[in-house]
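Worksheet for the structure shown next.
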2 protein chains.
Amino acid sequence: MRSPSPDLTTRARIRDAALALFGANGYSATSVRAIAERAGVSAALVMHHFGSKEALRAECDAHIVDEVIGRKEQLATDSDLSSTMRRWLADVDLYRASLDYLARMITDGTDAGARLFDDLVDRTASMIDAEVAAGRMRSSSDPRMTAVIVAAHGLVPLLLESQLGRALGEPGLTPALVARMTLPTLELYTHGLYQTTDVLDAATAALAGRPDTTRGPRSDKGAGDPNQDPDPPPARASDN
Amino acid sequence: MRSPSPDLTTRARIRDAALALFGANGYSATSVRAIAERAGVSAALVMHHFGSKEALRAECDAHIVDEVIGRKEQLATDSDLSSTMRRWLADVDLYRASLDYLARMITDGTDAGARLFDDLVDRTASMIDAEVAAGRMRSSSDPRMTAVIVAAHGLVPLLLESQLGRALGEPGLTPALVARMTLPTLELYTHGLYQTTDVLDAATAALAGRPDTTRGPRSDKGAGDPNQDPDPPPARASDN
DNA sequence: TAGGATACTGAACATGCGTTCACCCTCGCC
DNA sequence: GGCGAGGGTGAACGCATGTTCAGTATCCTA
């Protein structure tokens with residue numbers, strides 16, 4: 001599993017080792033000594049190069065942000081979160097360390113992760129705006145929220161990498177699975193899931209002020225979409 | 001921030017403290033002493049009740065699974081991941097600990113998290129099947145994958161709690177934001193995002209064997225959907 | 001009322017942690 | 001030839017960790 005480690009700077013080798021271990025096991029579950037061992041150096045050298053474990057983490061964050069957002073030399077290229085993610089997912093094995101680390105950045109709520117997410121949302125919003133203006137996408141009742149949702153949906157393969165693979169009978173997220181996701185996703189984004197506008201209409205009506213009209217088409221079976229239901233469910237207290 | 005801790009069993013109080021700290025800071029960043037302090041007991045008592053930190057984690061996992069999947073007494077109720085999540089999200093402040101812990105379970109790839117996710121996928125698949133049979137939902141070219149995607153999309157508010165809140169100008173995920181997500185999500189699931197079937201058609205054609213036909217409607221602007229693009233992007237090697 | 005189980009504690013244990021320090025090598029430069 | 005700067009190391013430091021242990025209080029039961 002250890003990478004053969006090409007002839008990089010020792011500093012870069014340490015950074016890559018940290019990235020892999022932080023990504024695989026998390027920050028606090030990773031010791032400086034483990035990083036040093038993986039990089040083939042002593043723990044003292046890690047401190048010599050980075051000063052502290054926290055500074056090493058910051059350098060990893062910055063490195064990933066550079067990889068994703070694009071570094072200075074190649075400002076022109078349209079490299080952002082979604083395109084980088086797509087590129088990395090195309091070769092999951094090669095980029096597993098970066099993918100794992102990136103997923104942790106986004107879920108851990110660090111500043112760097114927030115920057116990446118905000119950038120993704122902004123780009124998604126601009127893209128949708130342009131497509132709507134060109135008549136290729138529908139406009140939404142809440143464009144900002146729609147951009148956030150679409151952006152967040154796009155992160156799903158990153159965040160649920162292991163779950164997606166296992167739930168579909170393969171170990172981890174294979175390139176075949178990534179390819180297999182394309183068509184259903186586009187079907188969803190082209191036709192939606194519902195045949196009729198009943199659920200949407202009921203929700204619109206409910207949110208417009210009338211909390212209850214016919215109660216027929218909405219609460220039929222835990223709501224059509226499994227995670228959106230306009231009626232407030234009763235809260236339940238904790239247990240013993 | 002500390003909860004006033006109602007009159008629970010000491011054992012339950014310790015478990016709740018562990019749940020909150022594990023959820024907020026992660027397993028290895030949480031010390032047994034911190035858990036003990038939060039529960040108002042000594043560290044030794046934590047060991048007395050649970051044997052080890054790892055066993056305490058297992059008990060937390062089991063407790064959340066019980067909360068989500070439903071415990072023995074109430075087998076009949078249709079309590080699953082999505083409905084429990086919805087219920088918890090309706091009172092984010094009250095259930096923050098459970099929500100954070102649950103999010104970690106699902107992303108950390110533990111067995112318990114996998115069980116929850118698989119259960120969610122199965123229920124989503126059944127729901128879609130039933131709705132399709134009733135003529136209320138469209139059938140997909142890949143029903144299993146569609147179920148996985150819809151299930152995963154539903155987990156987004158859980159996994160990206162902090163990001164969603166911040167990206168929309170509020171601190172964390174407020175009930176108002178949860179409500180505000182309803183309509184755009186239903187719009188997406190009712191009408192889709194694309195006005196035409198161009199992108200879907202192009203992808204279908206590309207995946208059917210012809211890798212390139214007109215190249216016009218697909219690669220216009222980084223692809224309509226920001227995260228699905230059938231053409232394989234060129235891989236790039238690592239850096240210095 | 002004795003006694004054994006149970007709840008609970010403070011102090012200690014061994015270990016691993018992040019970090020520091022003194023020291024060695026090996027260059028490039030004057 | 002000398003020499004300073006930087007890459008690199010092993011050993012150690014102080015500390016926090018998970019866990020253990022002897023001991024105390026409290027309760028239930030016989």
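Side-chain atoms are counted along with the backbone in the values below, which use heavy atoms only and exclude waters and symmetry mates. Every chain is numbered from 1, with letters handed out A, B, ... down the list of sequences.
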Atom pair distance, as rounded to whole Å: CZ in F50(B) and C1' in dT20(D) | 18 Å
Contact summary for A167(B) and V121(A), nearest pair of heavy atoms = CB-CG2, 4.5 Å
Between dT20(D) (P) and L45(B) (CG): distance, integer Å | 15 Å
Is R11(A) positioned over the aromatic face of F50(A), cation under 6.0 angstrom from the ring centre and no more than 45 degrees off axis?
-> yes
Can you find a pair of side-chain heavy atoms, one from L177(B) and one from M145(A), that are under 4.5 Å apart?
-> yes
Spacing between R33(A) atom CZ and dT17(D) atom P, to the nearest angstrom | 16 Å
In the 5' to 3' direction, the nucleotides of DNA chain C bounding the stretch that comes under 4.0 Å of a heavy atom in chain B are dA7(C) to dA12(C)
Evaluation steps, side chain to side chain contact (heavy atoms under 4.5 Å, CB included), between R166(A) and S162(A) | CA-CA 6 Å; R166(A) 202 212 48 261; S162(A) 58; 5.6 Å; no
S28(B) near the nucleic acid: base, sugar-phosphate alone, or nothing, with a heavy-atom cut-off under 4.0 Å?
-> nothing
Quick one: label H48(A) by what it contacts on the DNA or RNA (base, sugar-phosphate, nothing), any heavy atom closer than 4.0 Å.
-> base
Got a salt bridge between R144(A) and D122(A), using NZ or NE/NH1/NH2 to carboxylate O under 4.0 Å?
-> yes
Consider the side chain of S31(B), meaning its heavy atoms from C-beta on, and name the nucleotide among dT20(D), dG18(D), dT9(D) that approaches it most closely.
-> dG18(D)
Taking every non-hydrogen atom, the tightest pair across A152(A) and L160(B) | CB-CD1, 3.5 Å
